[in-house]
Amino acid sequence: MVFDEFYIKSLVRPVPDWPRTGVTFRDITPVFHNPRALRMVADSFIQRYVDVAFDHVAAIDARGFLVGSIIAYALNKPLILVRKKDKLPPPTLHQEFTMEYGNACLEVRKDCCEQGDRIVLFDDLIATGHTILAASQLLRECGGRVIEAAAIIDLPDLQGSALVQDSEIPVFALCAFEGA
């Protein structure tokens, strides 16, 4: 199935002034509700990574889990869950960070990967880039190296993908929405 960026973007629902005034939330749940769109997204990521040498798929809580788990299954890779604070049993590492809505904290299990493991990191959307950078830092502390950060949507006006790329992590998004 050929990826159709305009079709996927037409399904993403803008929610103005949520979760706070001035923010337009990009709701991807209609993409997951639509089997054709979900297959299009999954197939595009699978095709991109099928011939790439890497060891793990990592996925960020919670919408990143939806895509990351599909890709891990399809490519027969172990899945690393990057969770919100206090959602994983110990031993864990945690990283606090600032995002567009306030402060947050992510955790991974200390034994999620080994020294030198190559990881593709998935989230649903790249906004400020701080979530991906926090997840990447955690994976690095465990010995892994994020070889690419992937998302369905990039919001380039928020400069998150540029920030991530400045930290020497390549970024790939299936589509972008101009204007935050």
Side-chain angles (χ1 to χ4, degrees), residues 3 28 31-32 38 41-156 158-176:
F3 183 76
I28 65 162
V31 173
F32 291 99
L38 181 56
V41 165
D43 288 350
S44 296
F45 283 129
I46 291 165
Q47 186 170 5
R48 178 169 182 85
Y49 297 111
V50 69
D51 292 324
V52 174
F54 69 101
D55 303 295
H56 297 272
V57 168
I60 298 174
D61 198 347
R63 291 177 301 271
F65 291 173
L66 300 171
V67 174
S69 61
I70 293 169
I71 306 312
Y73 173 79
L75 298 179
N76 198 32
K77 300 291 183 184
L79 178 64
I80 298 171
L81 299 178
V82 182
R83 302 272 342 241
K84 293 174 182 156
K85 188 173 172 135
D86 297 327
K87 298 295 182 183
L88 289 172
T92 60
L93 295 174
H94 71 274
Q95 179 73 40
E96 295 184 17
F97 64 102
T98 303
M99 52 191 280
E100 60 273 31
Y101 312 132
N103 296 325
C105 184
L106 292 176
E107 293 184 335
V108 295
R109 289 198 34 91
K110 284 185 178 182
D111 61 355
C112 69
C113 63
E114 296 181 9
Q115 192 66 38
D117 281 351
R118 295 166 46 89
I119 301 164
V120 176
L121 176 61
F122 282 90
D123 204 355
D124 63 323
L125 180 138
I126 301 169
T128 65
H130 294 115
T131 304
I132 288 173
L133 290 175
S136 298
Q137 176 61 34
L138 285 170
L139 296 166
R140 194 170 27 257
E141 288 177 36
C142 293
R145 181 171 67 92
V146 174
I147 63 165
E148 188 161 80
I152 298 170
I153 297 169
D154 182 21
L155 301 177
L158 295 179
Q159 299 296 307
S161 54
L163 183 67
V164 172
Q165 289 173 353
D166 287 347
S167 73
E168 300 183 4
I169 299 171
V171 172
F172 175 73
L174 293 175
C175 54

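None of these values were measured; they are calculated from a predicted model. The figures that follow rest on heavy atoms only: side chains count, while hydrogens, waters and symmetry mates do not.
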Return each pair, listed once, that meets ring pair (Phe, Tyr, Trp, His ring centres under 6.0 Å) where at least one residue sits in residues 102-152; pairs must be two or more places apart or across chains. F45-F122, Y49-F122
Are any side-chain N or O atoms of [X] and backbone N or O atoms of [Y], one a donor and one an acceptor, separated by less than 3.5 Å?
X: R109; Y: L88; answer: no
X: R118; Y: A53; answer: yes
X: E168; Y: Q165; answer: no

Worked check of salt bridge (Lys or Arg N to Asp or Glu O under 4.0 Å) between E141 and K110: CA-CA 8 Å; E141 288 177 36; K110 284 185 178 182; over 6 Å; no
Atom pair [atom1] ([X]) and [atom2] ([Y]), whose distance is rounded to the nearest 0.5 Å:
X: I169; Y: E148; atom1: CD1; atom2: CD; answer: 10.5 Å
X: C142; Y: I80; atom1: SG; atom2: CD1; answer: 7.5 Å
X: R63; Y: I28; atom1: CZ; atom2: CD1; answer: 6.0 Å
X: I119; Y: C113; atom1: CD1; atom2: SG; answer: 4.0 Å
X: L138; Y: L93; atom1: CG; atom2: CG; answer: 6.5 Å
X: E107; Y: Q95; atom1: CD; atom2: CD; answer: 11.0 Å

Suppose we screen for side-chain hydrogen bond (donor to acceptor under 3.5 Å, both in side chains). Which residues come up paired with [X], at least two apart in sequence or across chains?
X: D86; result: none
X: D154; result: S161
X: S167; result: none
X: D61; result: R83

Under the side-chain contact (heavy atoms from CB on, under 4.5 Å) test against I152, which residue among V41, I126, D123 passes? V41
Side chain to side chain contact (heavy atoms under 4.5 Å, CB included) involving [X] - partner list, sequence neighbours excluded:
X: D43; value: M1, R39, I46
X: P90; value: none
X: A62; value: none
X: L125; value: R26, A127, I153, L155

With sequence neighbours left out, write down each residue that passes salt bridge (charged side-chain N to carboxylate O under 4.0 Å, His left out) with R140, or none if nothing qualifies. none
Side chains of I147 and V52: does their closest heavy-atom pair fall under 4.5 Å? yes
Got I60 and T131 here, is their nearest side-chain heavy-atom distance under 4.5 Å? yes
For V108 and L81, which heavy atoms make the closest approach, and how far apart are they? CG1-O, 4.0 Å
Going by side-chain hydrogen bond (donor to acceptor under 3.5 Å, both in side chains), name the pairs with one or both residues in residues 50-59, residues two or more places apart or in two chains. H56-D117
Side chains of residues 64-79: which donor-acceptor pairs under 3.5 Å do they make with residues two or more places apart or in other chains?
from	atom 1	to	atom 2	distance (Å)
S69	OG	F65	O	2.8
S69	OG	L66	O	3.4
K77	NZ	F54	O	2.7

